[in-house]
Protein chains: 2
Amino acid sequence: MVTIYDVAARAGVSTATVSRVLNGLSVSADRAQLVLDAARELNYTPNRVARTLRRQLSELVALVIPDIENPFFTSLARGVADTAQQAGYSVVLCNTDGDVDKERQFLDVALSENIAGLVLAAAGPRSDVAEFRDRGRAVVAVDRPIPDADVDTVLIDNVGAGRMATRALWDAGFRDVACITGPVDIVTAVDRARGWQQVLDEVSDRPRVPGRLEHADFRVDGGRACMSHLLGLPDPPDAVVAGNNLVGVGALQVLSERGLSPADVGIAVIGDLPFSALSPDALPFVSLPTREMGTAAGAMLLERIAGHAGPGRRVVIPGELRAGETPRAATSA
Amino acid sequence: MVTIYDVAARAGVSTATVSRVLNGLSVSADRAQLVLDAARELNYTPNRVARTLRRQLSELVALVIPDIENPFFTSLARGVADTAQQAGYSVVLCNTDGDVDKERQFLDVALSENIAGLVLAAAGPRSDVAEFRDRGRAVVAVDRPIPDADVDTVLIDNVGAGRMATRALWDAGFRDVACITGPVDIVTAVDRARGWQQVLDEVSDRPRVPGRLEHADFRVDGGRACMSHLLGLPDPPDAVVAGNNLVGVGALQVLSERGLSPADVGIAVIGDLPFSALSPDALPFVSLPTREMGTAAGAMLLERIAGHAGPGRRVVIPGELRAGETPRAATSA
DNA sequence: AGCCTCGCAGAAATCGATTACAGGCTCAAG
DNA sequence: CTTGAGCCTGTAATCGATTTCTGCGAGGCT
């Protein structure tokens, strides 16, 4: 392990001078050259642990997400990494698996590692980031707000996304549109369902069929279970809004297994299906700009690390409807 | 920030005693209790940076992968995290995006952060982990071997997987089976193509059609491009082996867009399609035990961290063929 | 009684960087 | 010629833990 002492000895200067050269503080040109030569010859790399201990701030940024196997969050991760790495920070990703205890652990570790910043997609409604703020650490909430924490927040317009998906199905002629959304304690799930409900309240002149709102977990199996249940009803709906990408996959799988297509039972998905094996215009979906959400969160985090004060800001990014030409006929070719 | 000095002061003992209590070294019962009480009252958490600096070893394990958006690698990550977290290590994930320079950066950071161990799915054939070994850091290669490095390695039986996929198509009656695999500098891609070639060499009594092997990148767009090219040929193949999951998705998308199904052009995929929106037996695929690969790698890493010496071990895990009842008829219902 | 061993606890060194402080030098102004 | 300002530079403190070393006191053995 080559340390700053080795470099100092080789260059014939003090460690203070070496440190100053490497950090761009004023040092006479001749000595600076000696130090740079010595550092290169010894292949010196500063020890980040020592630097972090002294500076009380590391060059790491943590991104904590609830489901690493969901393309929604990995795309988000790409966005955060894009901005943070450009600024010289290394992004480390932590997967909580939706478990608030695991999340608590990761947050403790991040705090104790003196990380420069935290981007958090909270596992539940009770995440506590007060200690980060107390110690002046930058925090940005992404996808899911953190209650009672005055932090920068980047969100999807989930109500709007729910509205778009529902509207697309209604406009395509479906009249009994169900909704499979996520757990009741996840705000995004509730908001998307609210958008669905709003549209139905607006367009429908007759009383709606009860029991059309299902809460799955936000995974493929959850979508499968609820879709099977809906299709097994004596009076099944003629269309379904899938509350997220994975629920959509589950719903489509059930459809496919029963030999049905999105022309028979309408499906609109809130979220993208990058690995669906379907042509992109096989069904309507609301594309969510996850990567942009990540870059926005990363940019705000960098501003905070750079010292931006002031109250928490809030950015809401709209989804975008992408629909096949004629959903009903999309797969009939 | 509450430090060990605060705890020591409150308990009326020295910092050495606090440290010993918290690390389970022998301390008299009465003092131990004083320390524990003080630590609890102050809500003390040891500073990991200081600990790492002194111990020269952190409690972090790094997992470096080339594509975080590929479910293959995220599933792998789950496996590694499962084992490592049980042993008290926090896993941080680093996405190189297949870029050897980014990989180099992450490895430098990991080294400089004194991480306890590294699980590496190499971005290219020239990754250098010599420094890790020199400093006694644990390293495990996963999915892709690291040339010239004597490290533990966990691999898929890629040749075997290529064979299974090809055999499945042949057995289903396809006689002109092409192969879309990954870049020539990725060993897994070459091995899978080799398995394809082996089977064709064994079964075919007539000369094969040339130009049936395509090298895509290992992404959806790569699969799309090559599939389009193959289908556009004057004499297109009647079936295709997709070299990985994403290439398979791309190929299936092209098929779907052209109004074709896996009954028209046979497709066998090496890898799983967790988000395909197709029923699991719509087409034959070779399921790859990625999560098990991760747990195996994690277990070996922990052994090395615990001090296991000896030469690099090699574990090869076979894939498993999953085929629909009758591939040709799978989507005709 | 005297000596040795053993266990426990505190003082201080240590990990490897950054940085406050102080000393020395140069140069310009008075 | 003297004094002060300004710029480098080195010494040493510092970040917060762990761990070596040293010393103290109790207990056992001869």
Side-chain angles (χ1 to χ4, degrees), chain A residues 1-36 38-39 42-60 108-116 131 135-137, chain B residues 1-36 38-39 42-60 108-116 131 135-137:
Chain A
M1 185 66 184
V2 35
T3 73
I4 199 171
Y5 294 95
D6 302 324
V7 177
R10 174 151 196 145
V13 301
S14 73
T15 60
T17 299
V18 176
S19 175
R20 284 191 269 254
V21 171
L22 269 36
N23 288 285
L25 302 180
S26 71
V27 171
S28 68
D30 52 344
R31 274 164 199 265
Q33 195 54 53
L34 283 175
V35 169
L36 291 176
L42 295 174
N43 192 25
Y44 169 71
T45 313
N47 182 312
R48 281 170 175 253
V49 179
R51 168 178 290 178
T52 300
L53 178 60
R54 176 62 222 231
R55 287 207 184 141
Q56 301 283 32
L57 200 67
S58 84
E59 286 144 314
L60 293 182
D108 286 343
V109 170
L111 201 58
S112 171
E113 291 278 358
N114 278 333
I115 59 149
E131 275 193 278
R135 297 206 207 163
R137 298 277 177 274
Chain B
M1 184 66 182
V2 36
T3 71
I4 198 171
Y5 294 94
D6 302 323
V7 177
R10 174 150 197 147
V13 301
S14 72
T15 60
T17 299
V18 176
S19 175
R20 284 191 270 254
V21 171
L22 268 38
N23 289 284
L25 301 181
S26 72
V27 171
S28 68
D30 52 345
R31 277 163 194 264
Q33 195 54 52
L34 284 174
V35 169
L36 292 176
L42 295 174
N43 192 25
Y44 168 71
T45 314
N47 181 311
R48 283 171 174 250
V49 179
R51 168 179 289 178
T52 301
L53 178 61
R54 175 63 224 225
R55 286 208 183 140
Q56 302 281 40
L57 199 67
S58 83
E59 284 145 316
L60 294 181
D108 286 344
V109 171
L111 200 58
S112 169
E113 291 278 357
N114 279 334
I115 59 149
E131 275 192 278
R135 297 206 208 162
R137 297 278 177 273

Query raised in the report: Quick one: is D:dG10 close enough that its OP1 or OP2 comes under 4.0 Å of any side-chain N or O from A:Tyr5?
Result: no
Report task. Assign B:Val18 to base, sugar-phosphate, or nothing according to its heavy-atom contacts below 4.0 angstrom with the strands shown. Result -> nothing
Query raised in the report: Below 4.0 angstrom from OP1 or OP2 of D:dT18, is there any side-chain N or O of B:Asn23?
Result: yes
Report task. Quick one: label A:Thr45 by what it contacts on the DNA or RNA (base, sugar-phosphate, nothing), any heavy atom closer than 4.0 Å. Result -> sugar-phosphate
**Report entry** base_contact_polar (D:dG10 base, A:Arg20 side chain, donor-acceptor, <3.5 Å)
**Finding:** yes
Requested in this report: Could you please name the option among D:dG16, C:dA9, D:dT18 that lies closest to any side-chain atom of B:Met1?
Outcome: D:dG16
Query raised in the report: What heavy-atom pair brings B:Met1 and B:Asp6 nearest, and what distance separates the two atoms?
Result: O-OD2, 3.7 Å
Query raised in the report: At under 4.0 Å between heavy atoms, what does B:Val27 touch on the DNA or RNA strands: base, sugar-phosphate, or nothing?
Result: sugar-phosphate
Query raised in the report: A:Ser14 side chain N/O closer than 4.0 Å to the phosphate oxygens (OP1, OP2) of D:dT9?
Result: no
Report summary line: Rounded to whole Å, the CG-C1' distance (A:Leu57 to C:dA17) equals 14 Å
Query raised in the report: Going by atom types alone, do A:Asn114 and B:Arg48 pair a side-chain donor with an acceptor below 3.5 Å?
Result: no
Query raised in the report: So what does B:Thr52 hit on the nucleic acid, given a heavy-atom distance under 4.0 Å: a base, only sugar-phosphate, or nothing?
Result: nothing
Query - B:Thr17 vs C:dA9: side-chain N/O to OP1/OP2 distance below 4.0 Å - result: no
Report task. Measure the distance from CG on B:Leu53 to P on C:dT18 and round it to the nearest whole Å. Result -> 12 Å
Query raised in the report: Which of these nucleotides, D:dG10, C:dA9, C:dA17, is closest to any side-chain atom of A:Arg31?
Result: D:dG10
Report summary line: Picking from C:dG10, D:dG10, D:dT19, the nucleotide nearest the side-chain atoms of B:Arg55 would be D:dT19
Report task. Check every atom of D:dG10, D:dC8, C:dG16 against the side chain of A:Ser28 and return the nucleotide holding the closest atom. Result -> D:dC8
Report task. Could you tell me whether a side-chain N or O of B:Asn23 sits under 3.5 Å from a main-chain N or O of B:Leu25, the two making a donor and an acceptor? Result -> no
**Report entry** Given DNA chain C, 5'-ward residue of the pair B:Ala50 and B:Thr15, judged by closest heavy atom
**Finding:** B:Thr15
Query raised in the report: So, is A:Arg54 close to the D:dT14 phosphate, meaning a side-chain N or O under 4.0 Å from OP1 or OP2?
Result: no
Requested in this report: Figure out the CG/P separation between A:Leu22 and C:dT18, and round it to whole Å.
Outcome: 7 Å
Report task. Would you mind reading off the distance between B:Ile4 atom CD1 and C:dA11 atom P, rounded to a whole angstrom? Result -> 14 Å
Report summary line: Whole-Å distance, A:Glu113 CD to D:dG16 P, equals 15 Å
Query - Distance in Å, B:Thr45 OG1 paired with B:Leu22 CG, rounded so as to fall on 0.5 Å steps - result: 10.0 Å
Report task. Indicate whether OP1 or OP2 belonging to C:dG16 is found under 4.0 Å from a side-chain N or O atom of B:Gln56. Result -> yes
Report summary line: B:Asp30 CG to C:dG7 C1', in whole Å, measures 14 Å
Query raised in the report: B:Arg135 CZ to C:dG16 C1': how many Å, rounded?
Result: 12 Å
**Report entry** Heavy-atom pair with the smallest gap, counting every atom of A:Ile115 and A:Ser58
**Finding:** CA-OG, 3.3 Å
Report summary line: Closest non-hydrogen contact found for B:Thr3 with B:Tyr44 is C-CE1, 3.5 Å
Query raised in the report: Reckon B:Thr3 touches a base, only the sugar-phosphate, or nothing at all at heavy-atom distances under 4.0 Å?
Result: sugar-phosphate
Report task. Round to a whole Å and report the spacing from CG of A:Asp6 to P of C:dC15. Result -> 11 Å
